[in-house]
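Starting from 1, each residue takes its place in the sequence as its number.
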Amino acid sequence: MHASEPDAPEVPGAVRVHADFIAPEAPERVVEAAVAAHGHLDVLVVNHAHSSDFALGELTAAEIDRALIVNVRAPLLLVQAFHARHDGREGGRVVLMTSGQHRGPMTREPAYVAGKGALHQLTATLAAAVADKGITLNAVDPGATDTGWASPEIHAEVLAQEPFGRWGQPDDAARLIAFLCSEDGRWITGQVITSSGGGP
């Protein structure tokens, strides 16, 4: 189940739902569509984000609002909708994504940092709130991940700080998420876990 961009790659067996999380009803609609397609949801991975590249002095109220709506309000509503529909069977899992904002300054992205920092701080509280249905909830900080977003200058700057001599790959974070969502991860909840290869 994806709330994705129109040009996202096809995933076998997935049902695609296009949603703009600026819309207050979008999180509920996405979860409802998943339930309609599959009958029951075991796992929610909140991997969307609004990247806000506006430094202090460039910020606007509209940009701050957009960053917080997409990066905080939408995840809260997604978790709420998932919890409401979960019937308490074993295997309920939620994984949020943070962004290393607690490990060093990100001066180009204060609005983004505010949103991802909120998810970090919400992790323990949300984990306790969904525990009544046996759902675990954790957050993953994947570190610098090479998905093509970085300019050559940023890529080189980050690479120089990576102990293993490479950027993180999407598969690196995916392996941790898969573990947390598996039976082996059943006793881990309320944690913010860094998977960054020791890098920034």
Side-chain angles (χ1 to χ4, degrees), residues 1-9 16-33 44-83 94-127 129 137-162 167-168 170 173 177 192-196 199-200:
M1 172 59 64
H2 296 270
S4 60
E5 294 299 319
D7 60 351
R16 179 168 293 179
V17 177
H18 299 298
D20 182 351
F21 285 138
I22 285 292
E25 72 280 0
E28 180 78 17
R29 182 169 64 83
V30 167
V31 173
E32 184 59 40
L44 171 66
V45 178
V46 182
N47 190 36
H48 74 271
H50 172 65
S51 180
S52 178
D53 187 21
F54 291 81
L56 201 64
E58 302 170 348
L59 289 168
T60 65
E63 178 59 23
I64 294 168
D65 288 348
R66 182 174 181 83
L68 295 180
I69 287 169
V70 174
N71 296 336
V72 184
R73 187 184 75 185
L76 281 170
L77 292 175
L78 284 166
V79 172
Q80 177 173 268
F82 176 83
H83 176 259
V94 176
V95 180
L96 309 174
M97 303 295 286
T98 64
S99 195
Q101 71 292 324
H102 57 295
R103 295 188 286 114
M106 301 166 67
T107 58
R108 286 290 317 171
E109 304 172 280
Y112 176 75
V113 166
K116 289 299 186 176
L119 289 186
H120 185 125
Q121 293 303 113
L122 280 164
T123 298
T125 293
L126 290 176
L137 183 147
N138 296 285
V140 168
D141 162 25
T145 303
D146 192 0
T147 57
W149 64 269
S151 68
E153 293 77 19
I154 291 175
H155 195 279
E157 179 183 338
V158 171
L159 187 61
Q161 302 176 59
E162 293 286 353
W167 273 58
I177 293 168
V192 178
I193 303 171
T194 297
S195 174
S196 70

- prompt: Which residues pass the side chain to side chain contact (heavy atoms under 4.5 Å, CB included) test with Glu28, sequence neighbours left out?
  reply: Ala81, Arg85

message: Tell me the closest heavy-atom pair linking Leu119 and Leu96, and the distance in Å.
response: O-CD1, 4.3 Å

field: Stepwise side chain to side chain contact (heavy atoms under 4.5 Å, CB included) check, Leu122 with Val79
entry: CA-CA 11 Å; Leu122 280 164; Val79 172; over 6 Å; no

message: For a quick test of reading the model, state the closest non-hydrogen atom pair linking Ala139 to Thr123 and the distance between them.
response: CB-OG1, 3.5 Å

query: What residue among Ser51, Ser52, Ser99 forms side-chain contact (heavy atoms from CB on, under 4.5 Å) with Glu109?
result: Ser51

field: Counterpart residues, side chain to side chain donor-acceptor pair (under 3.5 Å), relative to Glu162 (two or more places apart)
entry: none

message: Return the CG to CD1 distance between Asn138 and Ile193, rounded to the nearest 0.5 Å.
response: 5.0 Å

- request: List for me each residue that meets side chain to side chain contact (heavy atoms under 4.5 Å, CB included) alongside Ser151, sequence neighbours excluded, and say none if there are none.
  value: Glu153, Ile154

field: Straight-line distance of Gln121 CD to Leu126 CG, nearest 0.5 Å
entry: 11.5 Å

- request: Go through the steps for Val158 and Trp167 under the test side chain to side chain contact (heavy atoms under 4.5 Å, CB included), then give the verdict.
  value: CA-CA 8 Å; Val158 171; Trp167 273 58; 3.5 Å; yes

query: Do Met97 and His48 come close enough that some side-chain heavy atom pair is under 4.5 Å?
result: no

task: Specify the closest pair of heavy atoms between Gly143 and Arg103, including all atoms of both residues, with the distance to one decimal.
output: CA-NH2, 3.8 Å

query: Under the ring-ring contact (aromatic ring centres under 6.0 Å, His included) test, which residues partner His120, sequence neighbours left out?
result: His102

- prompt: Who passes side chain to side chain donor-acceptor pair (under 3.5 Å) against Ser195, sequence neighbours left out?
  reply: none

message: With side chain to side chain contact (heavy atoms under 4.5 Å, CB included) as the criterion, how do Val192 and Thr98 come out once you've worked through the C-alpha distance, each side chain's angles and the decisive distance to 0.1 Å?
response: CA-CA 8 Å; Val192 178; Thr98 64; 4.1 Å; yes

- prompt: Is there a donor-acceptor pair closer than 3.5 Å between any side-chain N or O of Asn71 and the backbone N or O of His50?
  reply: yes

statement: Closest heavy-atom pair, Phe21 versus Ala74, reported as atoms and distance to 0.1 Å, is CB-CB, 3.6 Å

query: Is there any salt bridge (charged side-chain N to carboxylate O under 4.0 Å, His left out) pair reaching into residues 45-66, and which pairs are they, with sequence neighbours excluded?
result: Asp53-Arg108, Glu58-Arg108

statement: Contacts of Ala118 meeting side chain to side chain contact (heavy atoms under 4.5 Å, CB included) (sequence neighbours excluded), chain-then-number -> Val72

message: With rounding to the nearest 0.5 angstrom, report the CG to CZ distance, Leu78 to Arg73.
response: 11.0 Å

- request: For Ala173, enumerate each residue passing the side chain to side chain contact (heavy atoms under 4.5 Å, CB included) test, keeping only those at least two apart in sequence or located in another chain.
  value: Pro142

task: Apply side chain to side chain contact (heavy atoms under 4.5 Å, CB included) to His155 and Asp146, showing your working.
output: CA-CA 8 Å; His155 195 279; Asp146 192 0; 3.4 Å; yes

field: Counterpart residues, side chain to side chain donor-acceptor pair (under 3.5 Å), relative to Arg29 (two or more places apart)
entry: none

statement: When every non-hydrogen atom of Val17 is compared with those of Ala33, the smallest separation belongs to CG2-CB, 3.7 Å

statement: Value for CD (Glu25) from CG (Leu77), rounded to nearest 0.5 Å, stands at 10.5 Å

query: So, for His83 and Ala129, which heavy atoms are closest and what is the spacing to 0.1 Å?
result: NE2-O, 3.7 Å

field: Partner residues of Asn47 under the side chain to side chain donor-acceptor pair (under 3.5 Å) criterion, sequence neighbours left out
entry: none

query: Taking only residues two or more places apart in sequence or in another chain, which ones pass ring-ring contact (aromatic ring centres under 6.0 Å, His included) with Tyr112?
result: none

